[in-house]
Number of protein chains: 2
Amino acid sequence: MRLTTRGRYAVTAMLDLALHSEKRPVSVAEISERQTISLSYLEQLFASLRKAGLVDSVRGPGGGYRLVGTTDLICVADIIKAVNESIDSTNCGGKGDCQGGSICLTHNLWDDLGRQIAGFLSGISLADLVAKRDVQTIANRQVDQLLTLEDNNVRAKAC
Amino acid sequence: MRLTTRGRYAVTAMLDLALHSEKRPVSVAEISERQTISLSYLEQLFASLRKAGLVDSVRGPGGGYRLVGTTDLICVADIIKAVNESIDSTNCGGKGDCQGGSICLTHNLWDDLGRQIAGFLSGISLADLVAKRDVQTIANRQVDQLLTLEDNNVRAKAC
DNA sequence: AAGTACTTGACTATTTTAGTAGGGTATTAG
DNA sequence: CTAATACCCTACTAAAATAGTCAAGTACTT
Ligand code: FES
Ligand code: FES
C-alpha cells in the first residue's frame, strides 16, 4: 500500500466538499484556501475524482464541485482508490509472482494486510467523518481563520 | 504509512531465519540466494535489524545471523519498525500540526488507520507465519530449487 | 595464517511525489 | 454581447525516497 499526501489531500478535499457544498457548488480555489493545498495540485486530484464519478462539476461563475450522491454512500477507500491507483500491499500486485514467477514467502501476509486496511477504510463514510465532533471543531476554525484573513486584506486595501 | 520492498524484504529475511537458523547461524549469502534478494541490500537491512536487537551475528567461517529470542516473541510490526522507521500514517508524524501549526481535518482518521495497521501487524509473530501450511510449502520449494541449482553448477564444473 | 563472513560508508540510478506553468473551454452575470 | 469566472488539460520540473552497487575494511574460526 502507499498512502501519500495525494490520498490524504483527496480525502481532505472531499470532506471539505461534504461540509460546504450543501447550498452551492464549492470552487477549487475555496478548498485550496481553506485546506491550504496547492490549487493546481488540487485540480489534478479533482480530475481523478471526477473520472471516478465521485464528484460533479458546474462550470462558469458561481460554479465549482459537488458530491455525487449522499455523504453516507462515499467511503474513504473509494476516494483513495480514485486518486491512488490501489490499496494493495503486495509487491506483485496480487499476482503472486514475486520470486521469478513463483509466489514469495510473505505474499499471503501482505495480501491479508491489504484486506484488513481495505476493510477499515471501506467502513468509514464521509457522513461518519462529518458527524465527528473534532471534525466540526476544526472546520469551524478553518472558516473563522479565512474570514479574519479576508477582513485583514480588506483593511489593508483601505489603507 | 509506507510499506515498501524494504519492509517486505526484512520480514521475508526474518522468516527465512526462523525457518533455517535452528541448527546453525544462517549467512546473508544463503538468504540472498534462497529469497532472491540483492546481497548488499540485505546487508543494509540486517544492520538495522541488529541495531534493533532482533538478530544476533556470529562472525567467521560457519557464522551468520540468528534470531534473538524465540519466534513467538518477534512480531511483524517490530521488524517493519526496525527497518522502516515508522508505521505512522499521518502526514505530520503524529504531531497534529499539518496545517500551519494547527491540526488538519483528517489527522484523526490517519491516526486511527495507523493504530489499526499496527494492531494487525503486532498480532502476527514469526511463529504464526512458520506454522502456516503455505509458508512451509513455499519454503520447501525454495530449498529444492537451490539444491538443483547447485547440482547443475557442479555438473557444469565437471564438464 | 588464511579464508570466511560480518561491518561500514559512500555513491548512483530509477522512480515517485509534489508542485508549477500555461494554456485552453464552457458558462453566466451584468 | 462580453468579460469575468471557474473548470479542464497537458507538459514540465525539483526534490525526495527507493533499490541497489561498490569497495574497503574488521573480527573470528579453522
Ligand atoms: S508479494 Fe506477491 S508474490 Fe511476493
Ligand atoms: S496529518 Fe496530522 S495534522 Fe494533518
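Note on naming: letters A, B, ... go to the chains in the order of the sequence lines (proteins, then strands), and numbering restarts at 1 for each one.
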>> Under 4.0 Å from OP1 or OP2 of D:dA6: is there any side-chain N or O of A:Y65 that close?
In response: no
> Reckon A:R50 has a side-chain N or O less than 4.0 Å from the OP1 or OP2 of D:dC8?
Replying inline: yes
>> For a quick check of understanding: with a heavy-atom distance under 4.0 Å over all strands, which category does B:F46 fall into, base, sugar-phosphate or nothing?
In response: nothing
> What is the nucleic acid contact for B:S40, judged by heavy atoms within less than 4.0 Å: base, sugar-phosphate only, or nothing?
Replying inline: base
> So which heavy atom on A:A139 is nearest to which on A:L19, and how close?
Replying inline: CB-CD1, 3.8 Å
>> Using the side-chain heavy atoms of B:S38, tell me which of these nucleotides is nearest: D:dT21, D:dT18, D:dC8.
In response: D:dT21
> With respect to the side chain of B:E43, which nucleotide from D:dT21, C:dT8, D:dC7 is positioned closest?
Replying inline: C:dT8
> Under 3.5 Å, is there an N or O donor on one side and an acceptor on the other linking the side chain of B:Q44 and the base of C:dT8?
Replying inline: no
Between [N] atom [atom2] and [X] atom [atom1], what is the distance in whole Å?
X: B:R66; N: C:dC6; atom1: CZ; atom2: C1'; result: 15 Å
X: B:I31; N: C:dC6; atom1: CD1; atom2: C1'; result: 12 Å
X: A:R24; N: D:dA6; atom1: CZ; atom2: P; result: 12 Å
X: B:Y41; N: D:dT18; atom1: OH; atom2: P; result: 8 Å
X: B:K51; N: C:dC6; atom1: NZ; atom2: P; result: 17 Å
X: A:L3; N: C:dT16; atom1: CG; atom2: P; result: 17 Å
X: A:L42; N: D:dC8; atom1: CG; atom2: P; result: 13 Å
X: A:I37; N: C:dA18; atom1: CD1; atom2: C1'; result: 12 Å

> Taking everything shown except A:Q136 itself, do over 12 heavy atoms lie less than 6.0 Å from its CD?
Replying inline: yes
> Relative to the 5' end of DNA chain C, which residue comes earlier, B:A47 or A:T5, by the nucleotide with the nearest heavy atom?
Replying inline: B:A47
Could you go through nucleotides 24-30 of chain C and list every protein N or O atom that sits under 3.5 Å from one of its N or O atoms, giving the distance for each pair?
| unit_1 | atom_1 | unit_2 | atom_2 | d |
| --- | --- | --- | --- | --- |
| C:dA26 | O4' | A:R59 | NH1 | 2.5 |

> Going by atom types alone, do A:D128 and A:S125 pair a side-chain donor with an acceptor below 3.5 Å?
Replying inline: yes
> Angle class for the B:Y41/B:Y9 ring planes (parallel below 30°, perpendicular above 60°, tilted otherwise)?
Replying inline: perpendicular
